[in-house]
Each structure stands twice: as C-alpha cells, then as structure tokens.
2 protein chains.
Amino acid sequence: MTKSTAQQTSLCQHCIMSGICFGQSDKNSAESKVRSHKIYHKSDILFRSGQTFDAIYILRSGSAKSSILANCGHEQISGFHYPGDLIGLDGFDNGSHSQSIKFLETSSVCRIGLGELDNAMANSASIRSNLLQGMSHALNNEDRFLLSLNNMNSAQRLSSFLLDLSAQFLQRGLSAKEFDLSMTRVDIANYLGMAIETVSRLLTQLQQDNIIEVQRRRVKILSLEKLNQCLTLERDPHILLTPNPSDANTIQTRVA
Amino acid sequence: MTKSTAQQTSLCQHCIMSGICFGQSDKNSAESKVRSHKIYHKSDILFRSGQTFDAIYILRSGSAKSSILANCGHEQISGFHYPGDLIGLDGFDNGSHSQSIKFLETSSVCRIGLGELDNAMANSASIRSNLLQGMSHALNNEDRFLLSLNNMNSAQRLSSFLLDLSAQFLQRGLSAKEFDLSMTRVDIANYLGMAIETVSRLLTQLQQDNIIEVQRRRVKILSLEKLNQCLTLERDPHILLTPNPSDANTIQTRVA
DNA sequence: CGTTCATTTGAACATGCTCAATTCCTGTGG
DNA sequence: CCACAGGAATTGAGCATGTTCAAATGAACG
C-alpha cells in the first residue's frame, strides 16, 4: 500500500488532520504545506509501550500493527493500521503509551506534536470533531471485534477478518477482491485468538470450497457473497440468549 | 453504589468534567452549580443503538452496561460502567450511537449536550485533556480486555474480572474485598464470552478453594493474592509465541 | 545447495459447550 | 404464614471445537 509522490499533496488534503497543515484561508496553495513525513521500514518500531507520549501520528502509506504486552510476556496484537489511520491515541490516558507500534512494511508517517495538536483543537472545531471521531471510531471497531471474539467460531472470525481487510482496501481505492496480507499467519492467529494451525487449516478449507484462492501472502476472494455467508450460516448463538426478546426492558430486539 | 445527597457537591467538584459546570473563577461557590441530573432505574435505557447522538453522559451513581447488537440478533455486552465513567463516547463516530446503555440498578446521570461540550473544549484545555484522557482510557481498557479474551482460559478470565471489579470499587472508596455484583450471571457470561454454566462452575470452584465466598450477588474475596495467582499460574502461552524474544526488531520483551 | 523460517498436515487430547434435570431464591396470592 | 410459580443458579454427562504435539513440506536467502 504505497502511493506515488504525485499523489502526496492530494493525500494530505484529504487527511483527517489537514486543518493543522493547511490554514482555513489557503487550502489552495497546498504545494508548499505538505508536512514532512518520516519513512519507516518493515519491523521498525514507531513507539514502544511505556514510552513517553508526546505526539500522535497519521499513517500515510504502508501498514502497521499495534500490540500490548501481558504480564506473562505474551504479546497481544490489538489491531492493524492502514493509510489514513490515527496512531498513538492510547497515550492520552496516562501520558505514556500502553501500546507498541511495529511496521509491517515500508511506511510513511506524519507526526503531530501534542502542543501543536492542542493548539489546533483550541482553534478549530473541525479538528476537534475529527479527532473525537477518530477515537470514537477506534472504540467502535474494538467493540465489534470483541463481539466477534465472543460470538463467533474460528471459521467465522477468519471470514470476518478477510471481509474487514477487503473493506479497508476498497475504501482506500484498492481492489476489494485481491490483495496481499502484510501480516504473517502468526500475526493473524494472535489477533484472532487462535492457533496458527487453525488459521492454516481454515484458509485451505476456504480454498477447497472455492471461496478464496490463497498463496502465501496473496489472497484472492472468489466470492464475497459466499464469504459473507460464512458469517451467518452455521451460526449457533449459544451464549447469552436473554429470555425475553419482546420485553421492552431488554436491549436486544431479536433473538434467533 | 449510591451516594448520600450530602456528598453530591463534592462528587461534582471531583468530576472529570467539572470545568463545564464550575467556571475557573468560582470553584468555591459550588453549591448552586450542581448540575441537574436525572435518575434512572434498573432496566431503564439511557440510549439505544441507532439513536441520534446529541450528548455525552457522566454516571454519578449506580451502574450500567453497554452492549452492541450482532447481525444475528445476538447482544454482546462490551462493558460495565461505574460512577465517574463517561458514557456515550461511541457516538462521535458517525452521529448516532452504536451502543445501547442499560442501567443495572437505580442510577443518576449528568447530561452534557454536544454544543455545550464543544464550547467547553474550545475554551478549556483541561476539558480537552480530560475528554481525550477518558476516551483513551476506554480504548486501553478494551485492549486489555481483548488480551484476556485471546490469552486466558475461562478460569483466568473470571478471576481477572473479579479483580477488575475489586479495583474499580477500591478506586471509588468502597471495599475491595466485599461487594455486590450488579449484573446477573448471564451478563457475566456474555461479557466474558463463556456459557453461564461455566461461570457458575468456576465460582463454586473458587469458593471450594477458599479464594472467594459467593452467595448470589454477594462476593467476598478471601485472598486477593490467591486470586491474582489464578491469573499467572497454570498459564500456558500457547498462542503466538514469536520465535526471537531477544531480537531487537521484535516488540515483546520476554516470552515464558 | 543447505540452512532457516513459514506454512501445512495429521492424530490425540482437553477445555468448555450443550442439553437436561434439579435446587435455590423471591415475590405473590390464597 | 405458607404454598406456589417463575426466574436464576447449580450440577452432571456427553460431545465438539479447536489446541497441542509432532513431523513434513515449501519457499527464501545466503
């Protein structure tokens, strides 16, 4: 996921934080305002857990994973990031990062210092709104992911993961049906909470069912419909059916 | 978790959003500035998924659960809330709530309209900081919870849940060792992603091991140490060991 | 080419779910 | 005050999903 240099200015103008780089008045004289951005390579670390929080970042190109560390030393990947994503939001909590960010491929990143950010928030309603929206979005993403962990079996989780990636790529103007995974099987297994053997088996299964073609990092989705069906079919909502679906006091509206 | 009316003013002064209610200048003449708050009862809904986002809320007393709804109609609880918690942060994402909030007992809530909030953010650095901190905290909480879902077995998840509650109560000046659960076993099972029978079995197990005493909603922790050991002992980090713990390129620092 | 890492595949086993029945609490009405 | 009904919680036994362990295969890289 890299962009030609010709696209960079346009990339900046559509950035969620563009208000910081381009003043209200001169959105047109953009050329000179492209914020300096730093290039990182595969396996580079943007910041580590425990490190002082002094900036947030926007991923311009490439991809990264964020992870936290359990007491037992276990690394848990909490998300993957793609161009346009805000990174480092975990730091507002207590002044130091709780996550670590590691790049999965060559990537470029804009840094927005905390002082600069706070100034912008004081002066611009759209910056305030965009930042809150970004954080809220991250929260909702985690909620939905949580749902899939608690609610779905391995096959459904993996299908869901692939569909999610597909949507991410589509949203960024790339192919929704054919793409390269930037993470290893180990990363996928970690993220989805299953053994890497299970990931492997399920991928071959999907391939045998003519739903995807997969070869190493390359994935081709043969049928988005069938992949979607994997989520709904063979569902068995075992956990947590509340007894009174029609009760006005109850939150859920329908129970299978 | 309810507070006497005598404590309410003090409660407001320590509120994370107090800057909105009390101007910088007159933090002392507090009496008259206590924001009107609304009382809800058990099973009441604060807002539902899909509802227009027009305010955030602060829980003053009581407790609540937030949940989202899967396509299949399955309700997934994404968190429990206690006094001081910010509620409704999910709405910044796209202008409508993705969560639903349901009270678990009689509770009182302050409402802060979006306009009012944005004004306050424009004018007060501490409001900006507090809101971002609150959202970041919520994010980090979810990350840690995600880790426990992917990383721990049922016994560990339940122990972790109890310890978490204990810490929440302690932080709010209540007993860390003896408290009432405001949620049902069904809620616990839903949240922790297991069957309610498993919750039940594990609680009796913990009781037989003289780690807790539990009777219906009442929980007494006999040994916080032993409960903590439940998290670390019998650990078996099966998933996701990355091969090179000492590699500088790798995020985690140690692997069991 | 040989070493290393990533991935795949197979077979046994374990955790935790499902189904079913029972017990325990709480509130309600006789 | 007691009997009864309904929900919540507990307990037991069988079973399924997905893990563990072990070994083989495949791709990449020096």
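Below, chains carry the letters A, B, ... as their sequence lines are ordered, and counting in each starts from 1. Computed from heavy atoms alone, side chains included, the values below leave out hydrogens, waters and symmetry copies.
- With sequence neighbours excluded, the residues forming a side chain to side chain donor-acceptor pair (under 3.5 Å) with A:Asp85 are A:Arg172, listed by chain and number.
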Shorter than 3.5 Å, N or O on both sides, protein versus nucleotides 22-30 of chain D: list them out with atom names.
none

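- For A:Arg201, the side chain to side chain donor-acceptor pair (under 3.5 Å) criterion is met by no residue, not counting sequence neighbours.
- Taking atom NE2 on B:His74 and atom P on C:dC17, their separation rounds to 12 Å, with Å as the unit.
- With sequence neighbours excluded, the residues satisfying side chain to side chain donor-acceptor pair (under 3.5 Å) with A:Asp143 are B:Gln99.
- You'll find that the side chain of B:Ile196 is closest to D:dT10, out of C:dT8, D:dT10, C:dC17.
- Residues meeting the side chain to side chain contact (heavy atoms under 4.5 Å, CB included) test with A:Ser96, sequence neighbours left out: A:Asn94.
- Not counting sequence neighbours, the partners of A:Gln205 by the side chain to side chain donor-acceptor pair (under 3.5 Å) test are A:Asp209.
- Here C:dC5 presents its C1' atom at 11 Å from NZ of A:Lys42, a figure rounded to the nearest Å.
- One interatomic measurement links the two molecules: CG of B:Leu181 to P of D:dA9, which rounds to 10 Å at whole-angstrom precision.
- Within the structure, the ring pair (Phe, Tyr, Trp, His ring centres under 6.0 Å) test picks out the following pairs touching residues 139-160 of chain A (sequence neighbours left out): A:Phe145-A:Tyr191.
- When the shell of 6.0 Å around CD of B:Gln208 is examined, it contains more than 12 heavy atoms from other residues, nucleotides or ligands.
- The ring pair (Phe, Tyr, Trp, His ring centres under 6.0 Å) test applied to A:His97 returns A:Phe47, A:Phe53, not counting sequence neighbours.
- Rounded to an integer number of Å, the gap from A:Asp180 CG to C:dA6 C1' is 16 Å.
- The distance from atom CZ of A:Arg185 to atom P of C:dT9 is 11 Å, rounded to the nearest whole Å.
- Heavy-atom distances under 4.0 Å link DNA chain C to A:Ser200, A:Arg201, A:Thr204 of residues 198-206 of chain A, given in residue order.
- Protein atom CG of B:Asn151 is 18 Å distant from nucleotide atom P of D:dG18, rounded to whole Å.
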